[in-house]
Amino acid sequence: MVHNVLVQGDFKFAPVKESDVSREMTTRYMQDLIDHADADVVIVGAGPSGLSCAYELSKHKNIKVAIIEASVAPGGGGWVGGQLFSPMVVRKPAHEFLDELGIAYDEKENYVVVSHAALFTSTLISKVIANGVKLFNATSVEDFIIRDGVVSGVVTNWALVTKAHGTQSCMDPQVMESKIVVSSCGHDGPFGATGVRRLVEVGLLDKMPGMRALDMNASEDAIVALTREIVPGMIITGMEVAEASGTARMGPTFGAMMVSGRKAADLVLAKLNKSV
Ligand code: AHZ
């Protein structure tokens, strides 16, 4: 029907009052902030590991989960494979996650290949949001709430404000309390491993060894094995684990991000005393 009016040239949108548009966005966004001032879980970073964790947690409708992403676009390093090429290689048995998400792939003996990394990432983002996880994008975590050595929430600001701290006088942040923080900040770019870095600065960790050179076989198993509660109240996942543990990077294979994220979710559920 729409096609007919388009062809006839008399298509018209329903009228709108500009201030209603503003009110709709503002009230909803502010209500989301109010609702998540106390969350059960805050996930920092919406790359492949943070999103995989969020997806698992989103199966539990009684758990309030916020995912905070500094970039306007969620997805982190999940939009491309290696060297900005589009295909995404996933070593078995992590392909079972792709089966669950309904993502098609080419099958080889020990691994599978998704035709475009964006297919994986866009599918995961849409399921996470549709399942009720609240994504706060363009928002950065600048610090943590730490009480008696326990990470008890995050300190947030608009990411653009965070980037401008060096050019302005103090622009204070605000906060979100949570029972558990999952740090999935990756290793790359201006925000790489910011969670673990901050733990070192405040003296909760001695040092951040930094990731080692590429070794796909060693790296993926180690990242999953070392996905853990690194200090009370904070679980690390994804490439931030390699930074925190001094293990190898894996480069362009993504299975460990998925499995590590799902393990992080299981650790969260155990802490919240929920069944996996
Ligand atoms: O913007 C960051 C990115 O989207 C976001 N982030 C980091 N610090 C943040 C902060 N506040 C808010 N303080 C923050 N957001 O976290 C996301 C991290 O995504 P990523 O894709 O970089 O990390 P990942 O561990 O989920 O996946 C890594 C993918 C890689 S890197 C790699 C290699 O270089 O060897 N191999 C793989 C598979």
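Keep in mind that this is a model prediction, so the values were computed, not measured. Note: hydrogens, waters and symmetry copies are ignored here, and every other heavy atom, side chains too, is used.
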Side chains of [X] and [Y]: closer than 4.5 Å at any heavy-atom pair?
X: L135; Y: P74; value: yes
X: L57; Y: V133; value: no
X: K179; Y: V41; value: no
X: V154; Y: F144; value: yes
X: F120; Y: F97; value: yes
X: Q31; Y: I34; value: yes

Any link between [X] and [Y] through a network of hydrophobic side chains (Ile, Leu, Val, Met, Phe, Trp, Tyr) touching at under 4.5 Å?
X: V80; Y: M250; result: no
X: V150; Y: V202; result: no
X: I43; Y: I129; result: yes
X: M258; Y: L101; result: yes
X: L124; Y: V89; result: no

On a heavy-atom basis, which atom in [X] and which in [Y] lie closest, and how many Å separate them?
X: G195; Y: C185; answer: N-SG, 3.9 Å
X: A213; Y: A248; answer: O-CB, 3.1 Å
X: A70; Y: S140; answer: CB-CB, 4.0 Å
X: L51; Y: A46; answer: CD1-O, 3.4 Å
X: A244; Y: I236; answer: CB-CD1, 3.7 Å
X: M234; Y: S183; answer: CE-CB, 3.5 Å

Quick check: does any side chain N or O of [X] sit under 3.5 Å from a backbone N or O of [Y], one acting as donor and the other as acceptor?
X: T227; Y: I223; value: yes
X: D40; Y: V65; value: no
X: W79; Y: L84; value: no
X: T123; Y: T121; value: no
X: N157; Y: M171; value: yes

(message) Working note: L205 + V231, criterion side chain to side chain contact (heavy atoms under 4.5 Å, CB included); need CA distance, chi angles, decisive distance, verdict.
(response) CA-CA 8 Å; L205 285 180; V231 300; 4.0 Å; yes

(request) Answer yes or no: are there more than 12 heavy-atom neighbours, outside D206 itself, under 6.0 Å from its atom CG? (result) no

(request) Might you confirm whether atom NZ of K92 has over 12 heavy atoms from other residues, nucleotides or ligands at distances under 6.0 Å? (result) yes

To the nearest 0.5 Å, tell me how far [X] [atom1] sits from [Y] [atom2].
X: M88; Y: F254; atom1: CE; atom2: CZ; value: 4.0 Å
X: I235; Y: K271; atom1: CD1; atom2: NZ; value: 7.0 Å
X: K127; Y: S122; atom1: NZ; atom2: OG; value: 10.5 Å
X: E243; Y: H187; atom1: CD; atom2: NE2; value: 7.0 Å
X: I63; Y: I180; atom1: CD1; atom2: CD1; value: 8.5 Å
X: I67; Y: Y55; atom1: CD1; atom2: OH; value: 14.5 Å

(message) Could you tell me if T237 and S184 have a donor-acceptor pair between their side chains, going purely by distance under 3.5 Å?
(response) no

(request) Using only heavy-atom distances, determine whether the side chains of E107 and H95 contain a donor-acceptor pair under 3.5 Å. (result) no

(request) Indicate yes or no: does E201 engage R197 in a salt bridge with an N to O separation below 4.0 Å. (result) no

(request) May I ask you to say whether R23 pairs ionically with D20, meaning some side-chain N is under 4.0 Å from a carboxylate O? (result) yes

(message) Suppose the criterion is salt bridge (Lys or Arg N to Asp or Glu O under 4.0 Å): which pairs have a residue in residues 207-220, not counting sequence neighbours?
(response) R91-E220

(request) Mind jotting down which residue pairs meet the salt bridge (Lys or Arg N to Asp or Glu O under 4.0 Å) criterion with at least one end in residues 59-72? Sequence neighbours excluded, please. (result) E56-K59, K59-E100

(message) I'd like to know whether S49 forms a side chain to side chain contact (heavy atoms under 4.5 Å, CB included) with E240, so could you lay out the CA-CA distance, the side-chain angles of the two residues, the decisive distance to 0.1 Å, and finally the verdict.
(response) CA-CA 10 Å; S49 62; E240 195 162 9; over 6 Å; no

(request) Quickly, which of H165, Q174, R198 forms a side-chain hydrogen bond (donor to acceptor under 3.5 Å, both in side chains) with E142? Name it, please. (result) H165

(request) Given side chain to side chain contact (heavy atoms under 4.5 Å, CB included), test Y111 with V90 step by step and report yes or no. (result) CA-CA 6 Å; Y111 59 87; V90 178; over 6 Å; no

(message) Please give the remaining members of the hydrophobic cluster of V259, linking ILVMFWY side chains under 4.5 Å, ordered by chain and number.
(response) V224

(request) Any chance you could pull the hydrophobic cluster mates of I145, using side-chain heavy atoms under 4.5 angstrom and chaining through other members? (result) V155, V175

(request) Using the ring pair (Phe, Tyr, Trp, His ring centres under 6.0 Å) rule, collect all pairs that involve residues 34-54, keeping only residues at least two apart or in two chains. (result) H36-F136

(request) Not counting sequence neighbours, which residues clear side-chain hydrogen bond (donor to acceptor under 3.5 Å, both in side chains) with D32? List them please. (result) K134

